[in-house]
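Sequence lines set the chain letters: A, B, ... in the order given, protein chains first and strands last, and positions in each chain run from 1.
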Number of protein chains: 2
Amino acid sequence: MAARAGVSAATVSRHLRGHRVRTAVAIQEAIDALGYRPSIAAQSLKSGRTRTIGVVVPDITNPYFAAVVKGMESASRDRGYRILLANSDESSEREDDVLTDMIHQVDGVILAPATEQDETPLHVRDAGMPLVFVDRDLAGGEHFDAVLVNNREGGRQAASHLLSLGHTRIAAISGQQETTPGRHRREGFVEALADGGLELLPEFDLTGDFREESGYQLTLQLLSSAEPPTALFTANNLMTVGALKALHDMRVGIPDQVSIIGFDDLDTGPLLNPPLTVIDRPMVEQGVLAMRLLLQRLGQGDDRGGGSRRITLDTKLVRRGSTGVPRR
Amino acid sequence: MAARAGVSAATVSRHLRGHRVRTAVAIQEAIDALGYRPSIAAQSLKSGRTRTIGVVVPDITNPYFAAVVKGMESASRDRGYRILLANSDESSEREDDVLTDMIHQVDGVILAPATEQDETPLHVRDAGMPLVFVDRDLAGGEHFDAVLVNNREGGRQAASHLLSLGHTRIAAISGQQETTPGRHRREGFVEALADGGLELLPEFDLTGDFREESGYQLTLQLLSSAEPPTALFTANNLMTVGALKALHDMRVGIPDQVSIIGFDDLDTGPLLNPPLTVIDRPMVEQGVLAMRLLLQRLGQGDDRGGGSRRITLDTKLVRRGSTGVPRR
DNA sequence: CTGAAAGCGCTTACAG
DNA sequence: CTGAAAGCGCTTACAG
């Protein structure tokens, strides 16, 4: 390449980095003719930077995370960064594996941790690697950058809505209590219930794992109780789908027999039978914000300066047809 | 690291690569104590391999591609490979950009090309980079490895189903005719219609872009015709959702006024109002198969040997409630 | 402005 | 079995 243009490799490098060079024309001609592209591996070795961001989410087939990743991807590409993607499959061990594996291959990491107690993120941070949380936080995560939503308020909105319809026999299928959204959504829900003078009965206070199957099974369990609830809150999109399938299979009328309100909207939410009432929140936007936060850190070459930056977005109630007054 | 263990870097390297080494214990102790991990950049520079696979899909928020990517991710991680993910956003230019950008950073590429005429994949292949197509093929792609489904047969199944119900005023919203699935699904559909003695009328032969909005707009267009169709085939999941929203907004009864059959099932398919009839196909499995095909090539260190390997999976009709006999 | 040289962190053929 | 040395392809401080 350098030979073809009749200059040294150093000059080619300078040209590529935007320096003024006498032989620019000849070099560019050679680049085009040979389709030359500098070796990323060599650049990384020299510079210690890879222009690659590691992204670890629990499940890319969850439409929420798919949207978040899409936001990250477009925000990163605009700035010349690429994305190394991994699924943790809701497992801390797997998260540890993928994080450890990618740590020397990326300039920074965006992570939705499997649990708030995960320790690997702390090691990542201690290693000087910029880290941003999205969707989920770490216990004591105040010192980390994060893009979250007000899950507690979202839980409150769901409970308030059901209370306002007159429900008293209310159930919740929460996510893992070791995760931020799992815990906060339930806490907000319980708080608002208490504000309304209601208690979340133990048999109506169920915990799933953010997967469809758990929503399905736990809903069957609720339906089998002597006196089933008249209203149900499902703490994420996949469990909502599972719950809806269980209600559907058991021929339970919505909202006549059971009202249901989910957390996170579905693309088909308005088309369901009946249309689904949900607590909605920004999705693609969260990915964009998280990526920008991380790239700012990288840009400053400063991974701690100015303290942590934490963005909390609002949720909002979308009333549709799956919630109504309780059955008599 | 080598110093800490009192040996040379060469010996550490040998130990890490599984060679028998006298100082193995001391080295391992040092590795654990320091949390040492070899630099991927240096390894790549030396070996010319990155153990990273580039994955380019048109849209990660399409549940089909999310599932495919999930399959790829698990299949790759099992073998110690990572995934560099990019969206082409259905654009050949963007695909060219991301492909060119990642080419020196990956050992192989799995791609769902934006169009069958894309040229960049040819350059990728010519550069000696193993390449596997998934979901979509390239014109003259017989020489490339690929994991596809029988789209033509899927189109035929959709048309046959509508014919069997007695429909004669049938419309189709196809995908880009420059893509394999777009073209083949429409061709199969038209063929089966012809077998039934029917022609796809020009005003009922519409082409969208595999995005929800196009399904929505084109359905509005169909509904505005003097005598609308009694049945509609939408050639992918997102356009199906768009069509359903248009039918919903216009208060068109399904299937009483219009029957609809989509291509690709939705997680909420059985829960829609009415449940959605679709042509279904394996999703996660396609990703797994594509990744295995690629890793086999890499394992053999042989990117052309034995000719191309092409896997074509079958589609299948899932009858639910959105298709019925035509309105009188 | 430009080239020679050093060095990023590995791996491996070559001696020993 | 093991170390010294070379080299993978870049970038950059140093001379000129």
Side-chain angles (χ1 to χ4, degrees), chain A residues 1-52 80-82 84 100-108 127-129 298-299 301, chain B residues 1-52 80-82 84 100-107 127-129 298 301:
Chain A
M1 165 57 216
R4 154 78 116 114
V7 298
S8 72
T11 304
V12 175
S13 175
R14 292 195 183 96
H15 171 67
L16 252 15
R17 322 207 95 241
H19 296 218
R20 199 157 299 288
V21 155
R22 285 212 186 81
T23 42
V25 176
I27 292 173
Q28 193 56 51
E29 189 270 332
I31 288 174
D32 295 341
L34 277 51
Y36 169 80
R37 307 223 75 206
S39 153
I40 310 255
Q43 287 181 324
S44 299
L45 182 58
K46 188 73 175 110
S47 68
R49 345 195 110 256
T50 61
R51 296 191 78 78
T52 301
Y81 280 79
R82 310 162 197 91
L84 202 64
T100 307
D101 182 62
M102 67 170 45
I103 192 88
H104 283 299
Q105 205 174 1
V106 300
D107 291 347
M129 171 86 41
L298 295 177
Chain B
M1 165 55 217
R4 154 78 114 115
V7 297
S8 72
T11 304
V12 175
S13 176
R14 290 195 184 96
H15 171 69
L16 252 16
R17 320 209 96 239
H19 294 218
R20 199 157 299 289
V21 155
R22 285 213 187 80
T23 41
V25 175
I27 293 174
Q28 193 57 50
E29 188 272 332
I31 287 173
D32 295 340
L34 276 52
Y36 169 79
R37 305 223 77 209
S39 152
I40 310 257
Q43 288 181 323
S44 298
L45 181 59
K46 188 73 178 119
S47 68
R49 349 195 107 257
T50 60
R51 295 192 78 79
T52 302
Y81 280 80
R82 310 162 199 91
L84 202 64
T100 307
D101 181 62
M102 67 169 48
I103 191 86
H104 283 299
Q105 205 173 359
V106 299
D107 292 345
M129 172 84 43
L298 295 177

Nearest whole Å is fine: how far is [N] [atom2] from [X] [atom1]?
| X | N | atom1 | atom2 | value |
| --- | --- | --- | --- | --- |
| B:L34 | C:dG9 | CG | C1' | 15 Å |
| A:R37 | D:dG9 | CZ | C1' | 15 Å |
| B:L45 | C:dG7 | CG | P | 17 Å |
| A:I40 | C:dC10 | CD1 | C1' | 18 Å |
| A:R17 | D:dG9 | CZ | P | 18 Å |
| A:K46 | D:dC8 | NZ | C1' | 14 Å |
| B:Q105 | D:dG9 | CD | P | 17 Å |
| A:R49 | C:dC8 | CZ | P | 17 Å |

Check whether any side-chain N or O of [X] sits under 3.5 Å from a backbone N or O of [Y] as a donor-acceptor pair, and report yes or no.
| X | Y | value |
| --- | --- | --- |
| B:R49 | B:D107 | no |
| B:T50 | B:Q105 | yes |
| B:R82 | B:R51 | yes |

| Options D:dA4, D:dT2, D:dC10, nucleotide nearest the side-chain atoms of B:V21 |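 Taking heavy atoms from C-beta onward, the closest nucleotide is D:dT2.
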
| From D:dA4, C:dC10, D:dC1, nucleotide with atom closest to B:P38 side chain |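 Closest nucleotide among those given: C:dC10.
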
| field | Candidate pair B:V12 and B:V7, rule side chain to side chain contact (heavy atoms under 4.5 Å, CB included), full reasoning | value | CA-CA 7 Å; B:V12 175; B:V7 297; 3.8 Å; yes

| message | Could you identify the nucleotide paired to D:dA13, looking across every strand shown and requiring Watson-Crick or G-U wobble geometry with both distances under 3.5 Å? | response | none

| query | Counting only Watson-Crick or G-U wobble pairs whose two distances fall under 3.5 Å, which nucleotide matches C:dA4? | reply | none

| Residue mapping more 5' on DNA chain D - nearest nucleotide basis, B:A9 or A:L16 |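 The residue closer to the strand's 5' end, by nearest nucleotide, is B:A9.
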
| query | Do A:T52 and A:I40 touch side chain to side chain, with heavy atoms closer than 4.5 Å? | reply | no

Is any side-chain N or O of [X] closer than 4.0 Å to OP1 or OP2 of [N]?
| X | N | value |
| --- | --- | --- |
| A:T11 | C:dG3 | yes |
| A:S39 | D:dG9 | no |
| B:Q43 | C:dG9 | no |

| Within the structure shown, what part of the strands sits under 4.0 Å from B:R14 by heavy-atom distance: base, sugar-phosphate, or nothing? | base

| So what does B:T23 touch, heavy atoms closer than 4.0 Å: a base, only the sugar-phosphate, or nothing? | sugar-phosphate

| request: Provide the distance between the two C1' atoms, one in C:dT12 and one in C:dG16, to the nearest whole Å. | output: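 Each nucleotide's C1' atom is 16 Å from the other's.
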
| So which one's nearest nucleotide on DNA chain C is more toward 5', B:A10 or B:A42? | B:A42

